[in-house]
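Keep in mind that the numbers below use all heavy atoms, side chains included, and drop hydrogens, waters and symmetry copies.
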Amino acid sequence: MTPASHRIRRLHEQAGSELLRIAHRGARAYAPENTLPAFEKAAQMGCHMVELDVHCSADGELVVHHDDDLQRCTDATSRFPGRSSYYVSDFSARDLATLDAGGWYLAQLALAPAQRQAFLRELAPSERTAFIGPGDERLFGSGEVKVPTLADVLELARPSGLLVNIELKTLPRMYPGIAAKALDCVAHFGLMERVLISSFDHEQLATVRSMNAQVATAVLTADRLSHVARYLAALDADAFHPGCYGNFDSLGFGSVDQRLETRGIDEVRAAGKGVNVWTCNDEAQMRALIEAGVTGLITDYPNRLSAVVRA
(Lines give C-alpha, C1' and ligand atoms only; values in the text may rest on other atoms or scores of the structure.)
Protein backbone atom coordinates (compact mmCIF):
# COMPACT_ATOMS: atom_id res chain seq x y z
CA MET A 1 0.00 0.00 0.00
CA THR A 2 1.36 3.43 -0.90
CA PRO A 3 1.70 6.10 1.82
CA ALA A 4 -1.63 7.63 2.78
CA SER A 5 -2.56 11.05 1.45
CA HIS A 6 -1.09 13.49 3.94
CA ARG A 7 -4.34 15.45 4.00
CA ILE A 8 -6.41 12.37 4.86
CA ARG A 9 -3.83 11.16 7.36
CA ARG A 10 -4.03 14.54 9.08
CA LEU A 11 -7.81 14.22 9.53
CA HIS A 12 -7.49 10.77 11.05
CA GLU A 13 -4.71 11.91 13.37
CA GLN A 14 -6.92 14.73 14.65
CA ALA A 15 -9.82 12.29 15.13
CA GLY A 16 -7.52 9.78 16.85
CA SER A 17 -9.18 6.99 14.89
CA GLU A 18 -8.62 4.90 11.78
CA LEU A 19 -12.40 5.01 11.19
CA LEU A 20 -14.13 8.36 10.99
CA ARG A 21 -17.60 8.44 12.55
CA ILE A 22 -19.35 11.07 10.43
CA ALA A 23 -22.79 12.47 11.29
CA HIS A 24 -24.92 12.97 8.16
CA ARG A 25 -26.29 16.54 8.14
CA GLY A 26 -25.49 16.40 11.84
CA ALA A 27 -27.09 13.60 13.85
CA ARG A 28 -30.22 14.07 11.77
CA ALA A 29 -32.14 11.11 13.17
CA TYR A 30 -32.16 12.95 16.51
CA ALA A 31 -32.37 16.64 15.58
CA PRO A 32 -33.47 18.77 12.62
CA GLU A 33 -30.92 18.18 9.87
CA ASN A 34 -28.27 20.76 9.03
CA THR A 35 -28.99 22.88 12.10
CA LEU A 36 -26.77 23.83 15.01
CA PRO A 37 -28.67 21.47 17.37
CA ALA A 38 -27.98 18.57 14.96
CA PHE A 39 -24.25 19.35 14.93
CA GLU A 40 -24.19 19.74 18.71
CA LYS A 41 -25.99 16.41 19.06
CA ALA A 42 -23.37 14.77 16.82
CA ALA A 43 -20.59 16.03 19.06
CA GLN A 44 -22.43 14.76 22.15
CA MET A 45 -22.74 11.34 20.50
CA GLY A 46 -19.00 11.07 19.94
CA CYS A 47 -18.80 11.77 16.20
CA HIS A 48 -15.43 12.82 14.83
CA MET A 49 -16.90 14.74 11.90
CA VAL A 50 -20.13 16.35 10.78
CA GLU A 51 -21.25 16.39 7.16
CA LEU A 52 -23.22 19.39 5.91
CA ASP A 53 -24.50 20.92 2.66
CA VAL A 54 -23.88 24.45 1.42
CA HIS A 55 -25.94 26.63 -0.93
CA CYS A 56 -25.83 30.35 -1.73
CA SER A 57 -28.51 32.83 -0.77
CA ALA A 58 -29.74 35.43 -3.25
CA ASP A 59 -27.16 37.88 -1.89
CA GLY A 60 -24.30 35.38 -1.95
CA GLU A 61 -24.18 34.20 1.67
CA LEU A 62 -23.17 30.57 2.21
CA VAL A 63 -26.03 28.83 4.02
CA VAL A 64 -26.30 25.29 5.33
CA HIS A 65 -29.28 23.42 3.88
CA HIS A 66 -29.58 20.20 1.90
CA ASP A 67 -32.39 20.66 -0.62
CA ASP A 68 -32.34 23.28 -3.38
CA ASP A 69 -35.85 24.09 -2.17
CA LEU A 70 -36.82 25.25 1.33
CA GLN A 71 -40.22 23.60 1.60
CA ARG A 72 -39.31 20.25 3.22
CA CYS A 73 -37.24 21.53 6.14
CA THR A 74 -38.50 25.05 6.89
CA ASP A 75 -41.73 27.03 7.19
CA ALA A 76 -40.89 29.12 4.11
CA THR A 77 -44.28 28.56 2.44
CA SER A 78 -46.23 29.83 5.45
CA ARG A 79 -43.86 32.70 6.23
CA PHE A 80 -43.61 33.79 2.58
CA PRO A 81 -46.87 32.55 0.99
CA GLY A 82 -47.67 32.72 -2.69
CA ARG A 83 -44.16 32.75 -4.08
CA SER A 84 -43.61 31.10 -7.46
CA SER A 85 -40.59 29.16 -6.20
CA TYR A 86 -38.81 28.46 -2.94
CA TYR A 87 -35.22 27.87 -3.98
CA VAL A 88 -32.66 28.77 -1.33
CA SER A 89 -31.18 31.13 -3.91
CA ASP A 90 -34.50 33.05 -4.18
CA PHE A 91 -34.10 34.34 -0.61
CA SER A 92 -31.72 36.83 0.95
CA ALA A 93 -29.66 35.77 3.93
CA ARG A 94 -31.77 38.11 6.06
CA ASP A 95 -35.01 36.39 4.98
CA LEU A 96 -33.52 32.94 5.43
CA ALA A 97 -32.60 33.86 9.00
CA THR A 98 -36.30 34.39 9.81
CA LEU A 99 -37.30 30.81 8.90
CA ASP A 100 -38.09 28.08 11.41
CA ALA A 101 -35.94 25.03 10.61
CA GLY A 102 -37.00 22.88 13.58
CA GLY A 103 -40.79 22.55 13.61
CA TRP A 104 -40.94 20.24 10.60
CA TYR A 105 -38.83 17.66 12.43
CA LEU A 106 -41.07 17.68 15.50
CA ALA A 107 -44.07 17.24 13.17
CA GLN A 108 -42.38 14.20 11.65
CA LEU A 109 -41.95 12.61 15.08
CA ALA A 110 -45.67 13.05 15.71
CA LEU A 111 -46.52 10.86 12.70
CA ALA A 112 -46.78 7.08 12.68
CA PRO A 113 -43.39 5.66 11.60
CA ALA A 114 -44.66 4.52 8.20
CA GLN A 115 -45.76 8.08 7.37
CA ARG A 116 -42.44 9.77 8.18
CA GLN A 117 -39.62 10.68 5.85
CA ALA A 118 -37.66 7.55 4.96
CA PHE A 119 -34.70 8.03 7.30
CA LEU A 120 -37.00 8.46 10.32
CA ARG A 121 -39.18 5.41 9.68
CA GLU A 122 -36.64 3.15 11.36
CA LEU A 123 -36.19 5.31 14.47
CA ALA A 124 -36.79 2.89 17.34
CA PRO A 125 -38.81 4.02 20.38
CA SER A 126 -35.82 3.14 22.57
CA GLU A 127 -33.54 5.34 20.45
CA ARG A 128 -36.00 8.22 20.63
CA THR A 129 -36.16 7.94 24.41
CA ALA A 130 -32.38 7.71 24.74
CA PHE A 131 -31.40 10.57 22.44
CA ILE A 132 -34.32 13.01 22.17
CA GLY A 133 -35.21 14.54 25.52
CA PRO A 134 -38.08 16.84 26.52
CA GLY A 135 -35.72 19.81 26.33
CA ASP A 136 -34.81 18.87 22.78
CA GLU A 137 -38.45 18.70 21.76
CA ARG A 138 -39.18 22.09 23.33
CA LEU A 139 -36.27 23.60 21.41
CA PHE A 140 -37.26 22.00 18.11
CA GLY A 141 -40.81 23.35 18.45
CA SER A 142 -39.83 26.79 19.73
CA GLY A 143 -39.23 28.49 16.39
CA GLU A 144 -35.68 29.29 17.52
CA VAL A 145 -33.96 26.65 15.35
CA LYS A 146 -32.75 28.48 12.26
CA VAL A 147 -31.06 27.80 8.93
CA PRO A 148 -27.41 28.40 9.84
CA THR A 149 -24.75 30.01 7.73
CA LEU A 150 -21.53 28.14 7.06
CA ALA A 151 -19.83 30.66 9.33
CA ASP A 152 -22.25 29.75 12.15
CA VAL A 153 -21.30 26.07 11.89
CA LEU A 154 -17.57 26.67 11.65
CA GLU A 155 -17.77 28.95 14.67
CA LEU A 156 -19.45 26.09 16.54
CA ALA A 157 -16.90 23.54 15.32
CA ARG A 158 -13.76 25.53 16.04
CA PRO A 159 -13.67 25.12 19.86
CA SER A 160 -15.31 21.68 19.86
CA GLY A 161 -12.63 19.89 17.82
CA LEU A 162 -15.20 18.62 15.32
CA LEU A 163 -13.98 17.91 11.81
CA VAL A 164 -16.27 19.23 9.07
CA ASN A 165 -17.20 17.71 5.70
CA ILE A 166 -18.56 20.56 3.56
CA GLU A 167 -20.55 19.37 0.55
CA LEU A 168 -20.83 22.01 -2.16
CA LYS A 169 -24.38 21.77 -3.57
CA THR A 170 -24.10 23.34 -7.00
CA LEU A 171 -26.36 21.27 -9.25
CA PRO A 172 -28.61 22.48 -10.79
CA ARG A 173 -28.21 26.04 -9.46
CA MET A 174 -24.52 26.44 -10.46
CA TYR A 175 -23.71 29.13 -7.88
CA PRO A 176 -20.92 31.37 -9.20
CA GLY A 177 -17.84 31.39 -6.98
CA ILE A 178 -19.15 28.99 -4.33
CA ALA A 179 -15.82 27.14 -4.03
CA ALA A 180 -13.85 30.32 -3.44
CA LYS A 181 -16.39 31.56 -0.90
CA ALA A 182 -16.23 28.28 1.01
CA LEU A 183 -12.43 28.36 1.10
CA ASP A 184 -12.45 31.98 2.30
CA CYS A 185 -14.85 31.09 5.10
CA VAL A 186 -12.79 28.08 6.20
CA ALA A 187 -9.60 30.16 6.11
CA HIS A 188 -11.26 32.90 8.20
CA PHE A 189 -11.84 30.39 11.01
CA GLY A 190 -8.40 28.79 10.64
CA LEU A 191 -9.93 25.36 9.98
CA MET A 192 -8.30 24.40 6.68
CA GLU A 193 -6.69 21.34 8.27
CA ARG A 194 -9.97 20.18 9.85
CA VAL A 195 -12.17 20.39 6.75
CA LEU A 196 -12.96 17.96 3.93
CA ILE A 197 -14.71 19.44 0.88
CA SER A 198 -16.85 17.09 -1.22
CA SER A 199 -19.24 17.50 -4.13
CA PHE A 200 -21.21 15.61 -6.75
CA ASP A 201 -20.00 18.39 -9.07
CA HIS A 202 -16.42 17.27 -9.52
CA GLU A 203 -15.54 20.46 -11.39
CA GLN A 204 -15.86 22.16 -8.01
CA LEU A 205 -13.19 19.83 -6.61
CA ALA A 206 -10.84 20.80 -9.41
CA THR A 207 -11.56 24.45 -8.67
CA VAL A 208 -10.89 23.97 -4.96
CA ARG A 209 -7.59 22.26 -5.65
CA SER A 210 -6.49 24.94 -8.11
CA MET A 211 -7.00 27.50 -5.34
CA ASN A 212 -5.74 25.56 -2.34
CA ALA A 213 -3.30 22.67 -1.84
CA GLN A 214 -3.96 22.32 1.88
CA VAL A 215 -7.63 21.36 2.20
CA ALA A 216 -8.74 17.72 1.71
CA THR A 217 -11.26 16.97 -1.04
CA ALA A 218 -13.53 14.02 -1.79
CA VAL A 219 -15.26 12.70 -4.91
CA LEU A 220 -18.92 12.22 -4.00
CA THR A 221 -20.93 9.91 -6.23
CA ALA A 222 -23.90 7.60 -6.48
CA ASP A 223 -22.51 6.07 -9.68
CA ARG A 224 -20.05 3.25 -10.22
CA LEU A 225 -16.72 4.67 -11.35
CA SER A 226 -14.10 2.82 -13.31
CA HIS A 227 -10.43 3.20 -12.30
CA VAL A 228 -11.46 5.17 -9.24
CA ALA A 229 -7.96 5.72 -7.90
CA ARG A 230 -6.83 7.13 -11.25
CA TYR A 231 -9.82 9.46 -11.28
CA LEU A 232 -9.03 10.71 -7.78
CA ALA A 233 -5.40 11.22 -8.76
CA ALA A 234 -6.44 13.31 -11.78
CA LEU A 235 -8.31 15.64 -9.41
CA ASP A 236 -5.67 15.42 -6.66
CA ALA A 237 -8.59 14.36 -4.45
CA ASP A 238 -8.05 12.61 -1.16
CA ALA A 239 -11.13 10.43 -0.71
CA PHE A 240 -13.88 8.54 -2.50
CA HIS A 241 -17.44 8.93 -1.15
CA PRO A 242 -19.65 6.23 -2.75
CA GLY A 243 -23.32 5.74 -1.87
CA CYS A 244 -24.78 2.63 -0.25
CA TYR A 245 -28.24 4.05 0.53
CA GLY A 246 -31.37 2.77 -1.19
CA ASN A 247 -31.52 3.77 -4.84
CA PHE A 248 -28.14 5.47 -4.47
CA ASP A 249 -26.35 2.22 -3.64
CA SER A 250 -23.35 1.67 -5.90
CA LEU A 251 -21.59 -0.90 -3.71
CA GLY A 252 -23.79 -3.95 -4.23
CA PHE A 253 -25.97 -4.19 -1.12
CA GLY A 254 -29.07 -3.76 -3.30
CA SER A 255 -27.82 -5.95 -6.12
CA VAL A 256 -29.24 -9.29 -7.20
CA ASP A 257 -26.75 -11.26 -5.10
CA GLN A 258 -26.62 -8.59 -2.34
CA ARG A 259 -22.85 -8.85 -2.14
CA LEU A 260 -20.64 -5.92 -1.23
CA GLU A 261 -18.35 -5.09 -4.15
CA THR A 262 -14.94 -4.24 -2.72
CA ARG A 263 -13.00 -3.61 -5.93
CA GLY A 264 -13.26 0.18 -5.77
CA ILE A 265 -12.64 0.23 -2.03
CA ASP A 266 -9.53 -1.92 -2.42
CA GLU A 267 -8.22 0.19 -5.30
CA VAL A 268 -8.62 3.49 -3.48
CA ARG A 269 -7.19 2.19 -0.23
CA ALA A 270 -4.19 0.75 -2.07
CA ALA A 271 -3.57 4.23 -3.44
CA GLY A 272 -3.41 5.58 0.10
CA LYS A 273 -6.65 7.51 -0.12
CA GLY A 274 -9.82 7.44 1.96
CA VAL A 275 -13.19 5.75 1.40
CA ASN A 276 -16.09 7.27 3.33
CA VAL A 277 -19.45 5.69 2.54
CA TRP A 278 -22.84 7.41 2.67
CA THR A 279 -25.44 6.98 4.12
CA CYS A 280 -25.12 3.83 6.20
CA ASN A 281 -27.75 3.25 8.91
CA ASP A 282 -27.81 -0.56 8.91
CA GLU A 283 -25.53 -2.24 11.46
CA ALA A 284 -24.86 -5.34 9.33
CA GLN A 285 -23.81 -3.11 6.43
CA MET A 286 -21.64 -1.07 8.79
CA ARG A 287 -19.83 -4.21 9.88
CA ALA A 288 -19.32 -5.36 6.29
CA LEU A 289 -17.94 -1.99 5.24
CA ILE A 290 -15.58 -1.77 8.19
CA GLU A 291 -14.31 -5.29 7.44
CA ALA A 292 -13.81 -4.19 3.81
CA GLY A 293 -11.46 -1.44 4.98
CA VAL A 294 -13.41 1.79 4.59
CA THR A 295 -11.97 4.79 6.40
CA GLY A 296 -15.24 6.44 7.37
CA LEU A 297 -18.99 5.94 7.59
CA ILE A 298 -21.53 8.72 7.14
CA THR A 299 -24.68 7.92 9.10
CA ASP A 300 -27.95 9.39 10.37
CA TYR A 301 -27.65 7.13 13.45
CA PRO A 302 -24.25 7.66 15.13
CA ASN A 303 -25.29 5.51 18.10
CA ARG A 304 -25.54 2.45 15.86
CA LEU A 305 -22.09 3.02 14.42
CA SER A 306 -20.65 3.49 17.90
CA ALA A 307 -22.23 0.19 18.97
CA VAL A 308 -20.72 -1.61 15.98
CA VAL A 309 -17.28 -0.13 16.66
CA ARG A 310 -17.44 -1.13 20.32
CA ALA A 311 -18.42 -4.68 19.35
Side-chain angles (χ1 to χ4, degrees), residues 8 11-12 15-53 64 66 73 105 108-109 113 116-128 130-132 136 153 157 160-167 195-196 198 200 218 220-222 239-254 260 265 274-311:
I8 281 293
L11 292 173
H12 285 270
S17 175
E18 293 182 3
L19 180 79
L20 295 177
R21 298 198 297 275
I22 307 169
H24 185 227
R25 308 181 203 171
R28 75 162 180 158
Y30 303 112
E33 64 181 60
N34 274 327
T35 64
L36 296 184
F39 302 128
E40 291 168 344
K41 184 77 71 173
Q44 294 164 8
M45 298 179 77
C47 293
H48 305 117
M49 177 181 279
V50 292
E51 184 269 353
L52 56 84
D53 308 277
V64 177
H66 177 267
C73 294
Y105 173 81
Q108 286 287 307
L109 294 185
R116 297 174 187 163
Q117 293 179 27
F119 74 98
L120 282 173
R121 291 172 194 159
E122 59 184 89
L123 175 66
S126 59
E127 290 177 314
R128 177 172 177 173
F131 300 110
I132 307 172
D136 293 323
V153 180
S160 71
L162 273 174
L163 306 174
V164 182
N165 175 187
I166 299 171
E167 181 187 338
V195 161
L196 173 65
S198 63
F200 284 101
L220 183 56
T221 181
F240 176 45
H241 286 196
C244 77
Y245 183 74
N247 292 334
F248 303 105
D249 173 33
S250 63
L251 293 177
F253 288 120
L260 173 63
I265 296 170
V275 180
N276 305 319
V277 179
W278 63 277
T279 301
C280 191
N281 295 331
D282 180 87
E283 293 185 23
Q285 292 183 0
M286 290 174 180
R287 285 190 289 271
L289 289 163
I290 292 169
E291 290 171 3
V294 302
T295 57
L297 287 173
I298 301 170
T299 183
D300 300 322
Y301 290 85
N303 57 300
R304 299 179 187 177
L305 179 53
S306 294
V308 168
V309 171
R310 284 195 302 270

Please check if the side chain of [X] supplies one atom and the backbone of [Y] the other of a donor-acceptor pair under 3.5 Å.
{"X": "Arg304", "Y": "Asn281", "answer": "yes"}
{"X": "Gln108", "Y": "Gln117", "answer": "yes"}
{"X": "Arg128", "Y": "Leu109", "answer": "yes"}
{"X": "Tyr105", "Y": "Arg28", "answer": "no"}
{"X": "Asn165", "Y": "Leu196", "answer": "yes"}
{"X": "Arg121", "Y": "Arg116", "answer": "yes"}
{"X": "Glu167", "Y": "Leu52", "answer": "no"}

Rounded to the nearest 0.5 Å, what separation is found between the [atom1] atom of [X] and the [atom2] atom of [Y]?
{"X": "Arg25", "Y": "Cys73", "atom1": "CZ", "atom2": "SG", "answer": "7.5 Å"}
{"X": "Glu40", "Y": "Gln44", "atom1": "CD", "atom2": "CD", "answer": "7.0 Å"}
{"X": "His48", "Y": "Ser17", "atom1": "NE2", "atom2": "OG", "answer": "4.0 Å"}
{"X": "Asn276", "Y": "Arg21", "atom1": "CG", "atom2": "CZ", "answer": "13.5 Å"}
{"X": "Phe119", "Y": "His24", "atom1": "CZ", "atom2": "NE2", "answer": "9.5 Å"}
{"X": "Ile22", "Y": "Thr279", "atom1": "CD1", "atom2": "OG1", "answer": "10.5 Å"}

Is there side-chain contact between [X] and [Y], with heavy atoms separated by less than 4.5 Å?
{"X": "Leu251", "Y": "Gln285", "value": "no"}
{"X": "Ile290", "Y": "Leu305", "value": "yes"}
{"X": "Leu123", "Y": "Pro113", "value": "no"}
{"X": "Phe253", "Y": "Asp282", "value": "no"}
{"X": "Thr221", "Y": "Ser250", "value": "no"}

Got more than 12 heavy atoms from elsewhere within 6.0 Å of CZ, Phe200? yes
Nearest non-hydrogen partners of [X] and [Y], listed with the distance:
{"X": "Thr299", "Y": "Cys280", "answer": "OG1-O, 2.7 Å"}
{"X": "Leu162", "Y": "Cys47", "answer": "CD2-O, 3.5 Å"}
{"X": "Ile8", "Y": "Gly274", "answer": "CG1-N, 4.3 Å"}
{"X": "Ala42", "Y": "Ala23", "answer": "CB-CB, 3.4 Å"}
{"X": "Ser198", "Y": "Leu220", "answer": "OG-CD2, 4.2 Å"}

Is it the case that Glu127 and Asn303 place a side-chain donor and acceptor less than 3.5 Å from each other? yes
Just jot down the ring pair (Phe, Tyr, Trp, His ring centres under 6.0 Å) partners of Tyr245, sequence neighbours excluded, or say none. none
One pair to check against side chain to side chain contact (heavy atoms under 4.5 Å, CB included): Asp136 and Lys41. What are the steps and the verdict? CA-CA 10 Å; Asp136 293 323; Lys41 184 77 71 173; 2.7 Å; yes
Would you check, one step at a time, whether the test side chain to side chain contact (heavy atoms under 4.5 Å, CB included) holds for Val164 with Phe39? CA-CA 10 Å; Val164 182; Phe39 302 128; over 6 Å; no
Audit row: Leu20, Thr295, side chain to side chain contact (heavy atoms under 4.5 Å, CB included) steps and yes/no: CA-CA 6 Å; Leu20 295 177; Thr295 57; 5.9 Å; no
Verdict with reasoning, His241 to Ile298, per side chain to side chain contact (heavy atoms under 4.5 Å, CB included): CA-CA 9 Å; His241 286 196; Ile298 301 170; 4.1 Å; yes
Angle between ring planes, Tyr30 versus Phe131, binned at 30° and 60°: parallel, tilted or perpendicular? tilted
